[in-house]
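These numbers come from the heavy atoms of this one structure, side chains and all, not from hydrogens, waters or symmetry mates. Lettering follows sequence order; numbering is per chain, from 1.
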Amino acid sequence: MIATPDRTPLPRTFFDRPVLEVAPDLLGRILVRATPDGPIAVRLTEVEAYDGGNDPGSHACRGRTPRNDVMFGPPGHVYVYFTYGMWHCMNLVCGPAGRASAVLLRAGEIVEGAEAARLRRLSARNDKELAKGPARLATALDVDRTLDGTDACASGETPLRILAGTPIASGQVRNGPRTGVSGAGGDGELHPWRYWIDGDPTVSPYRAHVPRRRRT
DNA sequence: CTAGTGATTCCCT
DNA sequence: GGGAATCACTAGC
């Protein structure tokens with residue numbers, strides 16, 4: 001018998017913990033995006049931890065800037081960045097405030113509002129690909145920089161909120177090197193901080209970071 | 001399935 | 001000015 005997902009919002013205290021504790025605990029949780037077409041909900045299946053200033057792979061490793069400002073703020077808020085000239089990716093900030101740690105949401109299963117998500121993801125060949133990858137997840141949920149700094153733990157009507165869902169037993173959680181991260185050779189050995197649900201079909205393929213030469 | 005490459009723009013050095 | 005926490009597409013196995 002399959003347990004019904006818990007629709008209770010996650011409290012801010014959930015995020016006010018070390019990022020390596022929060023990241024695997026986010027698997028199986030449900031993020032809800034309110035849109036004019038109705039809610040789109042994603043069950044998280046893959047995440048990556050970024051541990052503030054000590055982490056060479058983190059956007060916060062060179063200090064506070066206008067872009068990463070939200071990472072230095074209170075936990076439970078959403079950090080959205082724009083990358084590769086085209087894409088957005090979203091994170092949830094973890095505690096304590098000022099630590100600048102966050103969890104990148106890398107992939108998930110759309111469990112509500114798939115019709116609305118498909119409108120944003122016309123290249124997806126099937127529903128498993130709707131949110132298979134961090135930029136795909138943000139696109140499917142219509143998330144961009146205008147949502148940077150949104151409080152995912154606020155009560156009342158908010159563009160983004162996160163529900164308890166169904167946590168994943170530790171035996172079903174796998175971890176390994178982060179995907180596509182520059183700034184740390186041998187990153188997999190030192191920072192195996194990508195977590196995913198074992199065998200889940202919506203988990204994105206692993207790709208090592210490859211520095212690209214500028215077109216002449 | 002894997003591997004290689006162009007797209008496109010913001011941010012920080 | 002260089003590079004980026006990526007994706008879509010193609011070729012080949």
Side-chain angles (χ1 to χ4, degrees), chain A residues 19-20 22-24 26-27 31 42 44-72 77-94 99-108 110 117-149 175-196 199-216:
Chain A
V19 67
L20 294 185
V22 176
L26 274 170
L27 297 173
L31 182 72
V42 62
L44 301 176
T45 60
E46 181 191 356
V47 300
E48 269 177 10
Y50 288 84
D51 192 15
N54 291 338
D55 180 358
S58 170
H59 287 171
C61 75
R62 292 182 220 277
R64 196 169 189 163
T65 69
R67 177 170 83 149
N68 66 22
D69 188 67
V70 172
M71 290 184 83
F72 289 80
H77 290 241
V78 180
Y79 165 52
V80 182
Y81 65 87
F82 179 72
T83 192
Y84 287 101
M86 279 172 281
W87 310 107
H88 295 276
C89 297
M90 65 184 302
N91 299 249
L92 292 167
V93 176
C94 294
R99 184 80 184 76
S101 61
V103 178
L104 171 68
L105 308 185
R106 285 200 56 89
I110 301 295
R118 284 186 208 109
L119 297 176
R120 299 269 168 192
R121 292 276 302 116
L122 296 179
S123 64
R125 289 168 298 185
N126 57 65
D127 283 5
K128 291 177 177 43
E129 289 186 352
L130 287 174
K132 189 175 190 162
R136 289 167 168 180
L137 187 152
T139 301
L141 268 57
D142 195 22
V143 167
D144 62 22
R145 282 280 284 173
T146 65
L147 294 184
D148 186 50
N175 73 297
R178 294 182 295 192
T179 295
V181 180
S182 69
D187 177 70
E189 295 297 316
L190 295 172
H191 306 292
W193 293 346
R194 173 182 179 231
Y195 299 89
W196 67 94
D200 191 283
T202 65
V203 172
S204 67
Y206 172 77
R207 293 192 193 290
H209 176 71
V210 182
R212 303 300 306 282
R213 196 179 48 163
R214 194 171 182 80
R215 194 175 66 88
T216 55

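When the P atom of dC10(B) is taken as reference, atom CG of D148(A) falls 15 Å away, rounded to whole Å. A straight line from NZ of K128(A) to P of dC1(B) spans 12 Å, rounded to a whole angstrom. Put simply, NZ on K132(A) is 12 Å from C1' on dC1(B), counting in whole angstrom units. W87(A) places its CH2 atom 12 Å from the P atom of dT9(B), with the value rounded to the nearest Å. Regarding R207(A), its CZ atom lies at a distance of 11 Å from the P atom of dC1(B), rounded to whole Å. When the P atom of dA8(C) is taken as reference, atom CZ of R120(A) falls 15 Å away, rounded to whole Å. Residue L122(A) contributes atom CG, which lies 16 Å from atom C1' of dC9(C) at whole-angstrom precision. At whole-Å resolution of the value, CH2 in W196(A) and C1' in dA5(C) are 16 Å apart.
Here the options are R194(A), E48(A), E46(A), the test is side-chain contact (heavy atoms from CB on, under 4.5 Å), and the partner is L104(A); only E48(A) passes. Here the options are V19(A), D55(A), N175(A), the test is side-chain contact (heavy atoms from CB on, under 4.5 Å), and the partner is W193(A); only D55(A) passes.
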Strand DNA chain B in bracket notation, Watson-Crick/G-U under 3.5 Å with | for pairs to another chain: |||||||.||||.
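Judged by distance alone, the side chain of D148(A) and the main-chain N or O of V80(A) form a donor-acceptor pair under 3.5 Å. One N or O on the side chain of N68(A) and one on the backbone of T65(A) form a donor-acceptor pair closer than 3.5 Å. Without hydrogens or angle criteria, R136(A) side chain to K132(A) main chain gives a donor-acceptor distance under 3.5 Å.
Among the heavy atoms of the strands lying under 4.0 Å from R136(A) are primed sugar atoms or P, OP1, OP2 only; no base atom is included. Note on R121(A): only backbone sugar-phosphate atoms sit closer than 4.0 angstrom, heavy atoms only; bases stay farther off.
Taking only side-chain nitrogens and oxygens, S182(A) comes nearer than 4.0 Å to OP1 or OP2 of dA4(C). The phosphate of dT6(C) has OP1 or OP2 within less than 4.0 Å of a side-chain N or O from R106(A). Considering only side-chain N and O atoms, T83(A) lies nowhere under 4.0 angstrom from the phosphate OP1 or OP2 of dT6(C). Not one side-chain nitrogen or oxygen of H209(A) sits closer than 4.0 Å to the OP1 or OP2 atom of dA5(C).
Taken to the nearest 0.5 Å, the CZ atom of R106(A) stands 11.0 Å off from the CZ atom of R178(A). To the nearest 0.5 angstrom, L27(A) atom CG is 9.5 Å from D200(A) atom CG.
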Polar atom pairs (N or O), protein with nucleotides 11-13 of chain B, under 3.5 Å:
{"unit_1": "dC12(B)", "atom_1": "OP1", "unit_2": "T65(A)", "atom_2": "OG1", "d": "2.3"}

Y195(A)/V103(A) under side chain to side chain contact (heavy atoms under 4.5 Å, CB included): CA gap, chis, key distance, verdict: CA-CA 10 Å; Y195(A) 299 89; V103(A) 178; over 6 Å; no
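For dA5(C), the base is not stacked against the aromatic ring of Y81(A), per a cut-off of 5.5 Å between centres and 30° between planes.
For Y84(A) and dA7(B), a side-chain-to-base donor-acceptor distance below 3.5 Å is absent, hydrogens and geometry of angles not being considered.
Using cut-offs of 30° and 60° for the angle between ring planes, the H88(A) and F82(A) rings count as tilted.
Taking a 6.0 Å sphere around CZ of R62(A), one finds it holds 12 or fewer heavy atoms contributed by other residues, nucleotides or ligands.
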